[in-house]
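Would you mind keeping the following structure in view while I ask a few things?
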Amino acid sequence: MPLSGICHPLPRLWKRQLGKAAEHLPRPGQLLSERCKDRLRETAVGEVCSIPAPGRPFCSQKPPQGHVCCPVAVHSAEHQQVKVKIPFGNKSLDAIFSVPEKKPTYGVILTHGAGGDMNFPQLVSLADYLASHGVLCLRFTCKGLNVAYRTKAFKTVVEYLKLSDDYKLSGVFLAGRSMGSRAAASVVRQLSQDDDDDDGFIQGLVCLSYPLHRPKLQSKLRDEDLLLTRCPVLFVSGSADEMCEKQLLEGVVSKMKAPKKIHWIDKANHGMAVKGRRTEDVMEEINVQVFSWLRENVQLEHK
């Protein structure tokens with residue numbers, strides 16, 4: 001994927017590895033030399049890709065304080081990560097594409113809960129797993145506790161990906177953790193009611209730790225969007241989730257007309273923590289369940 005160098009914060013690992021050499025990187029507007037390109041490849045963490053060709057400007061903009069001109073696309077062994085900013089009103093949303101090695105057919109848009117951001121460990125783990133198994137993943141950050149605001153931001157990201165020239169997908173799944181899953185469910189319901197998704201771009205909904213009710217307030221359920229959803233839905237919740245009592249979710253699911261599935265993480269709380277069990281093992285279980293469900297709903301090549 002062709003990308004030019006842009007101004008980007010210099011990671012700590014790069015700072016330690018480059019040291020004073022960072023001072024000798026090309027200035028904005030300067031032409032990139034073969035020597036500079038080799039230096040970047042030798043010192044970068046991972047395999048740096050999409051560095052502008054020698055003889056081309058390295059960056060066209062002046063980096064703000066604490067930033068340096070550097071490539072944003074870095075390869076892992078099986079997929080690539082690309083940072084983007086998605087226009088949202090007079091602001092922008094920070095987002096990261098996890099791009100599979102082979103051209104993807106389907107994607108997942110993923111966002112965080114009321115706290116944290118797109119770098120929440122569970123989201124990063126899931127995005128890496130999906131990309132390594134051939135599914136494009138776009139995760140984004142949207143700060144705020146207003147569900148309507150979060151929903152508006154999610155719809156903006158859906159439209160951004162749908163109109164993207166870089167990724168021509170057959171469809172996407174909307175996914176979120178906690179409050180992020182409420183926003184995802186709201187988007188799915190709105191698009192289906194407004195008939196804005198006649199082309200079937202939205203393939204399904206993934207709810208991680210869906211907050212069905214407030215802690216100790218089971219009398220008021222957040223089930224309106226779920227009951228009106230038409231596309232397939234996967235719930236991954238902890239059996240000890242204080243914001244999603246097991247019997248209550250099963251009751252809501254029984255009323256849903258859409259295809260649905262619940263996977264319970266045994267003894268996990270709302271944060272998916274299980275006493276006596278490694279966090280990595282819990283995340284692996286979640287990742288496997290999500291990908292398996294995706295494969296059941298679309299034709300994905302199993303790696």
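This structure is a prediction, so every number in the text was calculated from the model and none was measured.
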field: Qualifying residue for side-chain contact (heavy atoms from CB on, under 4.5 Å) with H270, from S237, P215, C244, S178
entry: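 Option passing the side-chain contact (heavy atoms from CB on, under 4.5 Å) with H270: S178.
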- prompt: Between R222 and D225, does at least one N-O distance fall below 4.0 Å, as a salt bridge requires?
  reply: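 D225 and R222: not salt-bridged.
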field: R214, CZ: over 12 other non-hydrogen atoms inside 6.0 angstrom
entry: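 Counting other residues, nucleotides and ligands, CZ of R214 stays at 12 neighbours or fewer.
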- request: Measure up the F291 and H133 rings against each other and bin them: parallel (under 30°), tilted (30 to 60°), perpendicular (over 60°).
  value: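 Ring orientation, 0 to 90° scale: tilted.
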- prompt: Within a strict 4.5 Å, meaning less than it, do heavy atoms of the L205 and F173 side chains meet?
  reply: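 Side-chain contact under 4.5 Å: no.
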- prompt: Tell me, do E285 and H263 make a side-chain contact under 4.5 Å, heavy atoms counted?
  reply: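 Yes, side chains in contact.
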message: Just to verify, what does R182 make a side chain to side chain donor-acceptor pair (under 3.5 Å) with, not counting sequence neighbours?
response: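 Scan of R182 (side chain to side chain donor-acceptor pair (under 3.5 Å), adjacent residues dropped) gives none.
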- prompt: Taking atom CD of Q218 and atom CD of E242, what is their separation to the nearest 0.5 Å?
  reply: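 The CD atom of Q218 sits 11.0 Å away from the CD atom of E242.
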- request: Can you spot which of D117, N119, V157 makes a side-chain contact (heavy atoms from CB on, under 4.5 Å) with R139?
  value: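 Per the side-chain contact (heavy atoms from CB on, under 4.5 Å) rule, the option paired with R139 is N119, out of D117, N119, V157.
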field: N269 side chain to M272 backbone, donor-acceptor under 3.5 Å
entry: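 Confirmed, N269 side chain pairs with M272 backbone.
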Flag for S292-E296: side-chain donor and acceptor within less than 3.5 Å: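 No, no side-chain donor-acceptor pair sits under 3.5 Å.
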- prompt: Should the heavy atoms of other residues, nucleotides or ligands under 6.0 Å from CD of E280 be counted, would the total exceed 12?
  reply: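 Count over threshold, so yes.
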message: Would you say that V172 contacts F201 through its side chain, given a criterion of any heavy-atom pair below 4.5 Å between the two side chains?
response: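 SC-SC contact between V172 and F201 confirmed.
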query: Can you name the one residue among Y149, Y160, F140 that meets ring-ring contact (aromatic ring centres under 6.0 Å, His included) with F88?
result: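 It is Y149; the other options fail the test.
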query: Do the charged groups of K83 and D94 touch, with an N to O distance under 4.0 Å?
result: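 Salt bridge: no.
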- prompt: Around atom NZ of K275, are there more than 12 heavy atoms of other residues, nucleotides or ligands at under 6.0 Å?
  reply: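 At most 12 heavy atoms, drawn from other residues, nucleotides or ligands, come within 6.0 Å of this atom.
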